Amino acid sequence: SVQCAGVTVNPGDIIFGDSDGVLCGSVDTFSACLHDAEHIVAAEQRLIEGMKVGNSLHSMTNFDEHFAARKEGRESSLTFKDLRTVKFTGIDSVEVS
């Protein structure tokens, strides 16, 4: 094993990088995430298609309600209005700094 930017990289791990960042994990880790990743890609494609026909990203989310709730100090999650379009399962929120 080696340490890279505070991450342990083990023999056989997969390292993947693009303009958004770098991911490192075992085959089992990536296999467990693959289904949800496919849903995310499909959701992003639907959002892009919506924007191509003139829908704003905000109009496809609960942004106004979410913003108002957060402004009042209430818990809220930004979600997509059409829950049939986007369904994420098994993804915990992650704090990004």
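These figures come from a predicted structure and were not determined experimentally. Keep in mind that the numbers below use all heavy atoms, side chains included, and drop hydrogens, waters and symmetry copies.
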>> So if I apply the side-chain contact (heavy atoms from CB on, under 4.5 Å) rule between V2 and each of V9, N10, T8, which one comes out positive?
In response: V9
From [X] [atom1] over to [Y] [atom2], what is the distance, rounded to the nearest 0.5 angstrom?
X   : Y   : atom1 : atom2 : answer
D28 : D13 : CG    : CG    : 10.5 Å
I14 : C24 : CD1   : SG    : 9.0 Å
Q45 : K52 : CD    : NZ    : 7.5 Å
S76 : H66 : OG    : NE2   : 5.0 Å

>> I'd like to know if the side chain of N62 and the backbone of S77 have a donor-acceptor N/O pair within less than 3.5 Å.
In response: yes
>> Would R46 and E49 count as a salt bridge (charged side-chain N to carboxylate O under 4.0 Å, His left out) here? Give the steps.
In response: CA-CA 5 Å; R46 288 185 185 106; E49 291 304 315; over 6 Å; no
Check for me, please, whether [X] and [Y] land in the same ILVMFWY cluster - side-chain distances under 4.5 Å, paths through other members count.
X   : Y   : value
V27 : F30 : yes
L78 : F67 : yes
V41 : L23 : no

> Can you say whether the rings of H35 and H39 are parallel (under 30°), tilted (30 to 60°) or perpendicular (over 60°)?
Replying inline: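 Ring orientation, 0 to 90° scale: perpendicular.
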> M60 and L47: which non-hydrogen atoms are nearest, and at how many Å?
Replying inline: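 Looking at all heavy atoms of both residues, the shortest contact is CE-O, 3.5 Å.
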> Shortest non-hydrogen contact from S59 to S56?
Replying inline: OG-O, 2.7 Å
> Between F63 and L57, does a side chain to side chain contact (heavy atoms under 4.5 Å, CB included) hold up when you go through it step by step?
Replying inline: CA-CA 9 Å; F63 178 81; L57 182 59; over 6 Å; no
